[in-house]
Each structure stands twice: as C-alpha cells, then as structure tokens.
Amino acid sequence: MALHGRIVSLHQDPENLYYRSVFPKGKEPIKDEDDTLPLLKHYLNLTPNLTQLYAEWSAADANFKKKAPKFTGVRILKQDAWEALVGFICSSNNNIIRISQMIDKLCKNYGPLLGNMDELPYYDFPAPSDLATVGVEQKLRELGFGYRAKYIYKTACMIAEKEDGWLDGLRNPESPVLGVKPVSGGDFVPEGREGYRSAHEELLALQGVGPKVADCVCLMGLGWGEAVPVDTHVWQIAQRDYKFGRGKHSSLTKATYDAVGNKFRSLWGKEAGWAHSVLFTADLKAFSERLVAKTETKEEVDVVVKEEADGEAEIETVEKDTKVLVKQVKQVKREAEDEEKPLTEIKENVVKKNKRRRKAY
DNA sequence: GTCGGGCCTCTGGG
DNA sequence: ACCCAGAGGCCCG
C-alpha cells in the first residue's frame, strides 16, 4: 500500500504484524527518523481499548451485547479523506474485489511513481488535480469504472476547484490528525452547525456521493465517529432488531436513513459508527458461522490468520476495506529491507474483512 | 419530501 | 443456454 508518500508492505504471522517501507529516491528519511510505525498505528487505529468500548456498547444495548463477538475486534481505519471519498464513490452497487481493482487502476494510471519494491513499481494515490483533466471520464470508462467514471471525474473537478485543504477542513478537530499537513484555510464548518452534520451535508453536494457514501467518508476519512453508514445490510439489521421497516419508516427514504443513524447514535454515543461496524460484521452469516463453529481454540484462530497473511495481494485490500478486523493484542515486529530487525512495541494482527474470502474458511 | 427506473460489470442461482 | 437479482448506491425526472 501507499502511505504518506512511501510504499509500505505488510504481512503477518500468527504472532506479529510486519512492515517495511520504501521511500522515493531522494526522500529517504535520515537514520532513525522513519515515521512509518506511528503512521501505521494511526492508520489502523490501534490505540483505543476495544474491550472497554465493547463493554460500553453492550451496557447500552442488549442486542449489541447478544450479537457482538467477544474475542475479535473491528477497528475503523483512519484513511486519507480524499482516498476514502474516491474509494467509496467506487463502492456503489459494487463488490470489494472490483473496488480494489479500480483503486489500483487509479493509482497505476494517474498516480505518481513512488518507487520499486521487490522489483515492482508502486504508485501513490492520484491527487484531485490528476483526475480533473480532460479525457479522464472517457479513460475511466475504458478501464471498466462504468457509470462511476463520471462521478469520479466530476468530484475531482469540484475538489480541485475548491480552496486547498477544503476536504480536510471538514475533519473532526477532536480526532488526531497524524501525518496530515496543517490546513491553511482551516475550519469550513459554518457557524451554528454541528460538525458532523455539516461535513455530511457538504459531501452530499459532490457527484456520486449520497448519504451512505457521505457517512463512510465522515467515519473513515474525516474522523467523525458518530457517522453511521446505512447500507442495505444495516437496513436489514435495523428492521430486524431495531423495529424499523414499519409505519413511518417502512422504506429507506432520506428521513428513515437519518432516523436509523439517530437511533444508533442515541444508543451507542460518540463512536456509534464503530459500534455499528462491529454489529454489521458480527451479523454476516459466514462470519458468525465461523465464530460459533470455532470457539477460542488457539490453533483454529491461527489458521484464520495464516490464510489472511499471504503477502502482497492482501496489502491493497487491507487499505481499501472499510473495516479491519483485529485480533487480540500481539506484537508488531519491525522489518527492514530484507531482514528483520528487533521488534519495537505493538500489537494486533490485522485480518481482512471480506465476505467472499470468508467463505473459503 | 417520495418514488421508479436506469446504470457498468460480474457472479451465483433458478 | 439464458435470464435475473444483487453487489455495503446514486442520479434524474
């Protein structure tokens, strides 16, 4: 994956998550000043205490208590806002495999070369201005983006037109912004408007951005923990477990969409979007089958991790996924160039969230 | 505000 | 062989 202007390779074994980084020529950090580790921890959002959060959500909501898995975690990525925006525009009416391929095509065709790793070239995610040039829509159609080609092109134009830093100005000021350049324009939130609502509304003006995509960008890209993306699956859950789908809220209209989000926010509070993702994940049939079938048996858990840890192909998908499943606290070793170096601190194994893959277990 | 129809492309199921 | 619904939606009228 590309992370803050460098190539980062990730892989893992049952005990550790490993990474190594390659910087563009001339931009190599001086000795002991590679900040990849903190950036990675920030990106994967590894700091919050999952056990405590789960306890809070369970105390507030019996359904969550009943359905949420006990021994796995789901974490919300802290993605770059622009990347999240484009990624989720691509996600409409689409599956994860294809979305990943589309993101990859954007990087290869429009992103700056970062350098090579293992003999292979890697490209950064393109800037808005890179995608706001004539012929982009046509080209993206040829590349298989379908009707989303126009959305990406038009949204890129709109963002490129705006003041520099506009998108990051919609960010939650409470949320840590590690690695994000300071914004000159700063606060784009209108007076008297609560931050999340305002950010959501601003995003809706962009082409290809409806309420669901706007909430994904708010949650994953802008640090608004209370954003609750209501997709078809969450809508099913809301109907089955939270008494929606009848009377006033019989269909998923705009008003109903907001009502579902408000309900979850009132239940789960400031990190409602996180809780919702946990519940969502827990509800996936294949996933829950896996959980009940294999209890905390150590070997079996390890098998799961192994299957996910198969190198380069996984790297893209980890970046693209809206959620990352994280196992219990482990350690992260640091790996440099071709040989491993002494481990630094941390934790966590990352498991890709992907329904299709899960079937293979 | 709500409601249908259409949209790129791929895939699994009748 | 063929059609159709669905994929973590959105736009337009």
Side-chain angles (χ1 to χ4, degrees), chain A residues 74 76-77 79 84-106 136-158 200-221 227-240 244-261 264 272-288 317-325 352-360:
Chain A
V74 174
I76 302 293
L77 295 182
Q79 296 179 286
L85 175 57
V86 176
F88 287 113
I89 287 175
C90 291
S91 78
S92 86
N93 220 326
N94 210 345
N95 61 69
I96 292 176
I97 305 289
R98 186 166 166 225
I99 297 165
S100 303
Q101 291 167 347
M102 288 162 78
I103 299 300
D104 197 47
K105 286 174 184 174
L106 284 178
V136 167
E137 180 183 344
Q138 167 77 25
K139 172 79 169 179
L140 291 181
R141 280 197 170 266
E142 290 166 10
L143 289 171
F145 282 66
Y147 61 83
R148 304 164 198 83
K150 181 162 70 178
Y151 298 161
I152 292 170
Y153 169 68
K154 291 209 165 184
T155 288
C157 289
M158 291 172 82
H200 180 97
E201 193 174 308
E202 294 286 340
L203 291 171
L204 288 181
L206 301 168
Q207 289 293 306
V209 180
K212 189 268 182 180
V213 168
D215 274 331
C216 286
V217 177
C218 280
L219 182 61
M220 261 73 67
V228 178
V230 181
D231 58 32
T232 54
H233 197 97
V234 172
W235 175 230
Q236 304 296 321
I237 296 175
Q239 291 177 87
R240 192 193 62 208
F244 283 89
R246 304 192 285 272
K248 168 109 183 72
H249 299 303
S250 56
S251 67
L252 191 51
T253 62
K254 176 79 176 121
T256 306
Y257 185 100
D258 291 338
V260 171
F264 288 156
W274 197 334
H276 127 286
S277 298
V278 174
L279 195 57
F280 174 101
T281 306
D283 201 69
L284 292 176
K285 198 180 292 174
F287 184 71
S288 41
T317 52
V318 167
E319 180 185 24
K320 262 31 129 197
D321 278 345
T322 56
K323 295 131 208 158
V324 176
L325 305 182
K352 181 172 174 299
K353 172 194 165 301
N354 181 321
K355 285 186 292 187
R356 295 180 155 279
R357 294 204 135 254
R358 220 167 273 129
K359 289 182 180 174

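Every chain is numbered from 1, with letters handed out A, B, ... down the list of sequences.
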Practice task
Could you check whether Ala255(A) gets within reach of a base, just the sugar-phosphate, or nothing at all, counting any heavy atom under 4.0 Å?
Solution key: sugar-phosphate

Problem - Sugar-phosphate, base or nothing in reach of Val209(A), heavy atoms under 4.0 Å - result: sugar-phosphate

Exercise for the section: Describe the nucleic acid contact of Leu143(A) in one word from base, sugar-phosphate, nothing, applying a heavy-atom distance below 4.0 Å. Expected result: nothing

Practice task
Please tell me if the side chains of Lys105(A) and Phe145(A) come closer than 4.5 Å, counting only heavy atoms from C-beta onward.
Solution key: yes

Practice task
Begin from the C-alpha positions of Ser92(A) and Tyr151(A) and carry the test side chain to side chain donor-acceptor pair (under 3.5 Å) through to its verdict.
Solution key: CA-CA 11 Å; Ser92(A) 86; Tyr151(A) 298 161; over 6 Å; no

Exercise for the section: Look at the side chain of Tyr147(A) and the base of dG9(C), then say whether one donor and one acceptor between them are separated by less than 3.5 Å. Expected result: yes

Exercise for the section: Considering only atom P, compute the distance from dG4(B) to dA5(C) and round it to an integer number of Å. Expected result: 16 Å

Fill in the blank from the handout: Sorted by position of nearest nucleotide on DNA chain C, 5' first, the leading residue of Lys150(A) and Thr232(A) is Thr232(A)

Handout entry: Interatomic distance where CG belongs to Asn95(A) and P belongs to dC8(B) [whole Å]
Key = 17 Å

Problem - Donor-acceptor contact below 3.5 Å, side chain Arg141(A) vs main chain Lys150(A) - result: no

Practice task
Output yes when at least one side-chain N/O atom of Arg148(A) is less than 4.0 Å from OP1 or OP2 of dC10(C), else no.
Solution key: no

Problem - Integer-rounded Å distance: dC10(C) P and Asp231(A) CG - result: 10 Å

Handout entry: For atom CG of Leu252(A) and atom P of dC10(C), their distance in whole Å
Key = 10 Å

Practice task
Please test Leu206(A) against Leu203(A) for side chain to side chain contact (heavy atoms under 4.5 Å, CB included), starting from the C-alpha separation and ending with a verdict.
Solution key: CA-CA 6 Å; Leu206(A) 301 168; Leu203(A) 291 171; 3.9 Å; yes

Completion exercise
Arg141(A) has its side chain closest, among dC8(B), dC10(C), dC3(B), to dC8(B)

Handout entry: Side-chain N,O (Ser92(A)) to OP1/OP2 (dC10(C)) below 4.0 Å
Key = no

Problem - ring-ring contact (aromatic ring centres under 6.0 Å, His included) partners of Tyr257(A), counting only residues at least two apart - result: none

Handout entry: Distance, rounded to the nearest Å, where Tyr257(A) contributes OH and dC3(B) contributes C1'
Key = 19 Å

Completion exercise
In whole angstroms, the gap separating C1' of dC7(B) from CD of Glu137(A) amounts to 13 Å

Exercise for the section: Measure distances between side-chain N and O atoms of Arg98(A) and base N and O atoms of dC10(B), and say whether any donor-acceptor pair falls under 3.5 Å. Expected result: no

Practice task
Would you mind reading off the distance between Asn93(A) atom CG and dG4(B) atom C1', rounded to a whole angstrom?
Solution key: 15 Å

Handout entry: Between P of dG9(C) and CZ of Phe88(A), the distance in whole Å
Key = 12 Å

Exercise for the section: Let me know the distance between CD1 of Ile96(A) and C1' of dC10(B), rounded to the nearest Å. Expected result: 15 Å

Handout entry: Base-pairing assignment for dG5(B) (Watson-Crick or G-U wobble, both under 3.5 Å)
Key = dC11(C)

Problem - Nearest-angstrom distance, C1' atom, dA1(C) to dC8(B) - result: 23 Å

Problem - Pairwise P distance, dC4(C) and dG5(B) [rounded to whole Å] - result: 15 Å

Exercise for the section: Kindly assign one of parallel, tilted or perpendicular to the pair Phe280(A) and His276(A), based on the angle between their ring planes and the thresholds 30° and 60°. Expected result: tilted

